[in-house]
**Student:** 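Before I ask anything, let me first share the structure, which is written out below as structure tokens.
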Amino acid sequence: MVSQLTRNERQLALVILSALALCGLAMAAIGRDDLIGGHGAFILLASLGMGFVVTSGYYHAEPSDERLAHYYDDPSKVGIVLAMIWVVFGLFIGDWVAWLLVYPEMTFDGGWASFGRLRPIHTTAVIFGFGGNALIATSFHVLQRTSRARLPDQLSPWFVLLGYNLFCLLAVTGYSMGLTQSKEYAEPEWYADIWLVIVWVTYFVLYLRTLARRKEPHIYVANWYYMAFILVVAVLHIVNNLAVPVSIAHAKSYSLFSGVQDAMTQWWYGHNAVAFFLTAGFLGMMYYYLPKKAGRPIFSYRMSIISFWGITFMYMWAGSHHLHYTALPQWVQTLGVTFSVMLLVPSWASAGNALLTLNGAWHKVRDDATLRFMMVAAIFYGLSTFEGSFMAIRPVNALSHYTDWTVGHVHAGALGWVALITFGSFYSVVPWLWKRERMYSAKLVELHFWLALAGTIIYVFAMWNSGIIQGLMWRTYNDSGTLAYSFVDSLIAMRPYYIARAIGGLLFLIGAAVGFYNIWMTARGALEESPTNADRPAAVPVAARTIEAGE
Amino acid sequence: MDIDHNIAVVVAKSFGLFYLIALSIGVLVYVYWPSNGKRFDDAAKNVIHDEDAPWH
């Protein structure tokens, strides 16, 4: 990796790492009486470790100019492997907390193993660790191909990728120590947030620099989606995390907002995190890898542009549907409902566009699990966006809110759409990146597909049942006008569904582990079995051929 | 200047509506502008072709 950097880039890398090490040292020294000190030491060690890597490769020969005739794919390769590590870890923690709801005493009497700390570790590991690394890795790949231009330098993609993973590590280690600013999906404290801003701005600038070098005049629609993802996530992250630390030596901070403004800002952030992190970026993936893998251009390029602007402008106003029946003014809630319902149009336009692209290539979908991953992802995208619009309607929300229905909805989107489109894209791009003929094992891709699909369906059905029963029990009154069921009654009724959900999650986790193994073996260059439909003559044993040659 | 609740309501209920209508019309005009058609078709087809290396 270091040998691919020019001499200037190696020097710059050392400067950045020294600055980072000094920041870590300062945090460790000033914050030695606080948890921030531990994170300072962690940053110091991480930057010293990277510094050691760069120094040991410092005197390697510089890369030749021949490199400029190729795309720069190594950051994408590392990003894919990191994404697979994060997904196995994140799903493992997710299944752990799922079992924790079945056996609540399973906390080993330790704060770190409580639901409140493990749950954000799960969400951060899967959304940011897996999703984020997958988006960064594929965006570099798609950006270069569609622009017909190489990334402008070798250092900034590594800074973005590794800097982002440092943020994810600070986040999950912080939660286990009890550090959180209590904003859902924005739990990390102020110093981690500042670091992410630096990394994210570098990411956006890198994207623009590459686009500025493009040889293809038209910017392909996938890049629009990726750019919306990068730009809007920067805006959301900065605004929602505006906070004042109690002191420079403490991890704790207080938000700039309070009361209902705080709630609205948080859910403006929260819903747009779904929109731009978990949707826009992954639509970018879909609009490139699905046509490419199917060998057919997208059904309607026009429709993809209309969906893009629809999604970009309508999602911004939908966040208030998270705050129905609260202190938030009624008209703001109604605004959220209206935009949530309208969002069905661009969402279904994208889902339909994907399925219509496959129309005429169904034989490929039948034979190729990779394409099937993407097809099922498009179906789940259509289903969960419909469900989301429906749940945003105030009377429906009265039943669904605070119940497991919401959890089911989120996982229909996160497992069915986000994870499946990512696995489909990975199985497409991994053989291309590592210059392999195909994945190590087509059978394992098939196995992964069925495990993932079965796991998602079990999970989602369990939570639908659980959520609706929960919602109904909470609103059932008896003849004397008081609630018929206590909260504990509803918990007991949930138990079978919690067991089912944990089993569904376990299937999904096993599938991801199989996928990681398959990607790892492909990267190592192994091929398991010869293709079953190989259109070539049967191999002649080497010994037989030598005898023939001797005659 | 104080932006109070009343101002936010007025802006949302007046300017907000027309700005979104204008935006929708703008996007539709761009998408269906006849001379853009070929560019869109080319863009959709071009990504399918194999590209092994950047263009120079």
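Chain letters run A, B, ... following the sequence lines, proteins first, then strands; residues in each count from 1. The analysis underlying the following values was restricted to heavy atoms, covering all of them including side chains, and did not include hydrogens, waters or symmetry mates.
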**Student:** Do the ring planes of A/W331 and B/H5 sit parallel (below 30°), tilted (30 to 60°) or perpendicular (above 60°)?
**Tutor:** tilted
**Student:** With a cut-off of 6.0 Å (strictly less than), are more than 12 heavy atoms of other residues, nucleotides or ligands near CH2 of A/W309?
**Tutor:** no
**Student:** Shorter than 4.5 Å, heavy atoms on both sides: which option in B/V9, B/L28, B/D41 has the most such pairs with chain A?
**Tutor:** B/V9
**Student:** So which part of A/H218 gets closer than 4.5 Å to some heavy atom of chain B, the side chain, the backbone, both or neither?
**Tutor:** side chain
**Student:** Taking side chain as everything from C-beta outward and backbone as N, CA, C, O, which of these in B/V31 sits under 4.5 Å from a heavy atom of chain A? Side chain, backbone, both or neither.
**Tutor:** both
**Student:** Could you grab the distance from atom CZ of B/F40 to atom OH of A/Y220, nearest 0.5 Å is fine?
**Tutor:** 12.5 Å
**Student:** I need the minimum non-hydrogen distance between A/A69 and B/P54, along with the two atoms involved.
**Tutor:** O-CD, 3.3 Å
**Student:** Could you state the interatomic distance from CZ (A/R145) to CG (B/N46), rounded to the nearest 0.5 Å?
**Tutor:** 15.5 Å
**Student:** Donor-acceptor pair, distance only, cut-off 3.5 Å: does the side chain of A/K292 make one with the backbone of B/V47?
**Tutor:** yes
**Student:** Taking only heavy atoms into account, what residues of residues 296-304 of chain A are found under 4.5 Å from chain B?
**Tutor:** A/R296, A/P297, A/I298, A/Y301, A/R302
**Student:** Might you confirm whether atom CH2 of A/W224 has over 12 heavy atoms from other residues, nucleotides or ligands at distances under 6.0 Å?
**Tutor:** yes
**Student:** Name the region of A/P329, side chain, backbone, both or neither, that has any atom closer than 4.5 Å to a heavy atom of chain B.
**Tutor:** side chain
**Student:** Please lay out, stage by stage, how B/Y32 and A/I306 fare under the test side-chain contact (heavy atoms from CB on, under 4.5 Å).
**Tutor:** CA-CA 10 Å; B/Y32 286 102; A/I306 296 175; 4.0 Å; yes
**Student:** Answer yes or no: is there a side-chain heavy-atom contact under 4.5 Å between A/F339 and B/L20?
**Tutor:** yes
**Student:** Tell me, for B/Y30 versus chain A, whether the close heavy atoms (under 4.5 Å) come from the side chain, the backbone, both or neither.
**Tutor:** side chain
**Student:** Rounded to the nearest 0.5 Å, how far does CH2 of B/W55 lie from NZ of A/K215?
**Tutor:** 10.5 Å
**Student:** Mind checking the CE-OG spacing from A/M342 to B/S24? Nearest 0.5 Å is all I need.
**Tutor:** 8.0 Å
